[in-house]
Amino acid sequence: MGARLVLATRNAHKVGELQAILTDAGVEVTLVGMDAFPDVPEVVEDGLTFEANALKKALETARATGLPAVADDSGLCVDALNGMPGVFSARWSGRHGDDVANLDLVLAQVSQVGDESRGARFECAAALALPSGEAHVVSGRVDGVLIRAPRGTGGFGYDPVFVPHGHERTTAEMSPEEKNAISHRGRAFRALAPAIAHLVVDGRAL
Ligand code: IMP
């Protein structure tokens, strides 16, 4: 048991994943998801950067729940598409959360792009906010290339077409532990752990 911290998600898997990262980093908090706050409405992600969306979600969640809150925003940035789909990753095909349609559209858009120019990265911004309005944001990324046809059944979203540099398998072919160790989200949350330890566990300013 430690200080309570809200993660701005209704996805229990994400709550478990962040709890494990914080425990590994020696940060003793009790993480709760938004399922504990059924009346708090979903935050609209209308920012143009991952940082803006993560900060907005964390600040609004902290204000609505009266507890320190953590939020993240992430996506795929493709070199040949000038960094898109970026913050539009979840709704690139026009249908929010349709992973297959989003992936198919990105693959079609880069179908004429040569092997030497298929660079891409996953980016994640992770923010911590206090009910007082104090906030802190960090980011993480993993660089790699887009292959031409999906491989693997793990992960979600664009994982079946993304091979991180230094690896031969897609992130959909990795175990969750392997992916967490190198992923944009794993890196961002691990980078946020010291701020959580200072502001939430110790109650000190950074
Ligand atoms: P959100 O941060 O949960 O809003 O996710 C944004 C979107 O980015 C997801 O719907 C996926 O399309 C994509 N995305 C973010 N992280 C990953 C990842 O680790 N693997 C594959 N796709 C991802």
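Numbering of ligands and ligand atoms starts at 1, following listing order.
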TODO: Could you tell me how the ring of Phe122 sits relative to the ring of Tyr158: parallel (under 30°), tilted (30 to 60°) or perpendicular (over 60°)?
DONE: tilted
Task: Lys57 to ligand 1, any heavy atom closer than 4.0 Å - done: no
TODO: Answer with yes or no whether Asp159 contacts ligand 1, where contact means a heavy atom under 4.0 Å from a ligand atom.
DONE: yes
TODO: Starting at NE2 of His198, measure out to NE2 of His136 and round the result to the nearest 0.5 Å.
DONE: 10.0 Å
- [ ] Determine whether Glu178 and Ile182 make a side-chain contact, defined as any pair of heavy atoms from C-beta on separated by less than 4.5 Å.
- [x] no
TODO: Could you check atom 16 (N) of ligand 1 against the protein and tell me its nearest heavy-atom contact, residue, atom and distance included?
DONE: His184 NE2, 3.0 Å
TODO: State the CG-CG distance between Leu22 and Leu5, to the nearest 0.5 angstrom.
DONE: 7.0 Å
- [ ] Below 4.0 angstrom from a heavy atom of Asp73, which ligand 1 atoms are there? Numbered from 1 as shown, please.
- [x] 2 (O), 4 (O)
Task: Arg91/Asp98 salt bridge by N-O under 4.0 Å criterion - done: no
Open item on the list: Give the atom numbers and elements of ligand 1 that come within less than 4.0 Å of a heavy atom of Gly157.
Closed with: 21 (C), 22 (N)
- [ ] Verify whether one side chain among Arg4 and Thr30 offers a donor that lies under 3.5 Å from an acceptor in the other.
- [x] no
Open item on the list: Tell me whether Lys56 is salt-bridged to Asp73, with the criterion being a basic N under 4.0 Å from an acidic carboxylate O.
Closed with: no
- [ ] Heavy-atom contacts with Lys179 under 4.0 Å: which atoms of ligand 1 show up? List them by number with element.
- [x] 18 (C), 19 (O), 20 (N)
Open item on the list: My understanding is that we take every heavy atom of each candidate and find the minimum distance to atom 23 (C) of ligand 1. Doing that for Phe156, Trp92, Phe162, Phe50, which one comes out nearest?
Closed with: Phe156
Open item on the list: Looking at Val113, is its backbone amide N or carbonyl O close enough to the side chain of Ser117 to form a donor-acceptor pair, meaning the two atoms are under 3.5 Å apart?
Closed with: no
- [ ] May I ask which of Gly75, Ser89, Ser74 has a heavy atom nearer to atom 6 (C) of ligand 1 than the others do?
- [x] Ser74
Task: Test of proximity, Tyr158 against ligand 1: N or O pairs below 3.5 Å - done: yes
TODO: State the atoms of ligand 1, each with its element, that fall below the 4.0 Å cut-off from a heavy-atom position in Lys14.
DONE: 3 (O)
TODO: With heavy atoms only and a cut-off of under 4.0 Å, state how Phe122 meets ligand 1: side chain, backbone, both or neither.
DONE: side chain
Task: Where ligand 1 meets Arg185 - atom numbers and elements under 4.0 angstrom, heavy-atom basis - done: 16 (N), 17 (C), 18 (C), 19 (O)
- [ ] Note the single closest protein heavy atom to atom 10 (O) of ligand 1, along with its residue, its atom name and the distance in Å.
- [x] Ala90 CB, 3.4 Å
TODO: Please check if any side-chain donor atom of Ser93 sits under 3.5 Å from a side-chain acceptor atom of Asn102, or the reverse.
DONE: yes
